[in-house]
Number of protein chains: 2
Amino acid sequence: MFSKSCEYGIRAMIHIAQQQETTGRVSLKDIAREIDSPEAFTGKILQTLTREGLLNSLKGPTGGFELAREAGKINLAEIVLAVDGDNLFNGCALGLSTCDSEKPCPAHEKFAIVRDELTLMLRTSILDEMAMGLKNGVSFLTR
Amino acid sequence: MFSKSCEYGIRAMIHIAQQQETTGRVSLKDIAREIDSPEAFTGKILQTLTREGLLNSLKGPTGGFELAREAGKINLAEIVLAVDGDNLFNGCALGLSTCDSEKPCPAHEKFAIVRDELTLMLRTSILDEMAMGLKNGVSFLTR
DNA sequence: TCTATTTCAGACAAAAATGTCCGCTATTAT
DNA sequence: ATAATAGCGGACATTTTTGTCTGAAATAGA
Ligand code: FES
Ligand code: FES
């Protein structure tokens, strides 16, 4: 469904959202440890998220990453778009060059509905809600 | 969403379903041409589908591939499972080792719903219906 | 039987995704 | 100022996915 990069990116963003309420900025080392991901690789992904305007980064001691906007105004669709691009939202299920309802593939009719539901689900998955779940111990970022 | 292999596999199965009503078995060469896919690579995928019991194959002149069951009794979920495995149906959105509603990731609650809708959509996408769409010119396998 | 055709199996190759390393730059604290 | 810290950028390495090639095995038809 999502690339490894995207999975790490989402987990990182949720962890940052949950952490920064209390401790402010979060370091790469802390993030990689908490979401159980390879540190250097995660660093690359966080750079991407920073370039894409979802994170701010600060160098030096006490440096680290923080959300570019408040956690209530960032949703999963933005993160997926930033890391994996828009193919999941627009692409054809059967890999045709474009998804076009005027000249659809045989799966289009049923697939487009589910794809749109997925898009909506991602748009309505807000970072602060997910961070809340983490904090309350009802959800987890490792296993 | 799906791997290239899976996309080619689905397109091949739909083409075979549409073609074999009239001309019987379908050769790899014909399939690769009609679904616009690399021939040798497509051959590998058809071998997999044959091993997995979704296709029968026959060597020699007049040989080729045919559906192992009638097109009304094969759905997309089976093809996806045969080629890409069950991760799409069971896997965690955020890449945790397993998806477990007892110890869910922060995306689980909303994601599991959409994932189940996708599964249902694939299960109810039947090969003969899609082949019909192709024959009637309302859907297409290339672009 | 002989030949042409077609799938099968395995080795090989190229490209993309995933992951690591290292030196550089910016920043903080002493 | 200087040293220590943390992100940045680019090169490099590994693994997976995607794709190719070749020869063998099976089969139909002449
Ligand atoms: S054309 Fe294939 S999903 Fe729209
Ligand atoms: S635990 Fe992540 S989707 Fe179920």
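In what follows, chains carry the letters A, B, and so on, assigned in the order in which the sequence lines appear, proteins first and then strands, with residues in each chain numbered from 1. In what follows, every heavy atom counts, from backbone to side chain, and hydrogens, waters and symmetry copies are set aside.
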Under-3.5 Å donor-acceptor pair between B:Lys44 side chain and C:dG10 base: yes
Cationic N near anionic O, under 4.0 Å, B:Arg33 to B:Asp30: yes
Among C:dG10, D:dC8, D:dT18, the nucleotide that comes nearest once only the side chain of B:Lys4 is considered: D:dT18
Nucleotide C:dT20, atom C1' - distance to CD of A:Glu39 in whole Å: 11 Å
Interatomic distance where NZ belongs to B:Lys29 and P belongs to C:dT7 [whole Å]: 9 Å
Residue-phosphate contact under 4.0 Å: A:Tyr8 side-chain N/O, C:dT18 OP1/OP2: no
Closest listed nucleotide, where the reference is the side chain of A:Ala40 and the choices are C:dG19, C:dC21, D:dT18: C:dC21
A:Arg143-B:Thr98 side chain donor-acceptor pair, cut-off 3.5 Å: yes
Polar side chain donor-acceptor pair, A:Asp84 to A:Ser3, under 3.5 angstrom: yes
Side chain of B:Phe65 - closest among D:dC8, C:dC8, D:dC21: C:dC8
Nearest-neighbour nucleotide for the B:Arg51 side chain, C:dC8, D:dC8, C:dA9 considered: C:dA9
B:Ser27, nearest nucleotide to its side chain (from C:dG19, D:dG7, C:dT6): C:dT6
Atom-to-atom span, CD1 of B:Ile45 to P of C:dA9 - whole angstrom: 15 Å
A:Leu49 CG to D:dG7 P, straight-line distance once rounded to whole Å: 14 Å
Parallel, tilted or perpendicular: rings of B:Phe2 and A:Phe111 (30°, 60°): tilted
A:Pro61 side chain, from C-beta outward: closest of D:dG10, D:dT20, D:dT5: D:dT5
Spacing of B:Leu58 atom CG relative to C:dA4 atom C1', expressed in whole Å: 16 Å
Side-chain N,O (B:Gln47) to OP1/OP2 (C:dT7) below 4.0 Å: no
Options C:dT18, C:dA9, C:dT7, nucleotide nearest the side-chain atoms of B:Ser57: C:dT7
Whole-Å gap separating C1' (D:dA6) and CG (A:Leu55): 15 Å
Rounded distance (nearest 0.5 Å) linking atom CG of B:Leu134 with atom CG of B:Asp128: 12.0 Å
N or O in side chain of B:Thr62 less than 4.0 angstrom from C:dT6 OP1/OP2: no
Listed nucleotide nearest any side-chain atom of B:Lys59, set D:dG29, D:dG7, C:dT6: C:dT6
5'-most by nearest nucleotide on DNA chain C - A:Arg25 or A:Phe41: A:Phe41
Integer-rounded Å distance: C:dT20 P and A:Leu46 CG: 14 Å
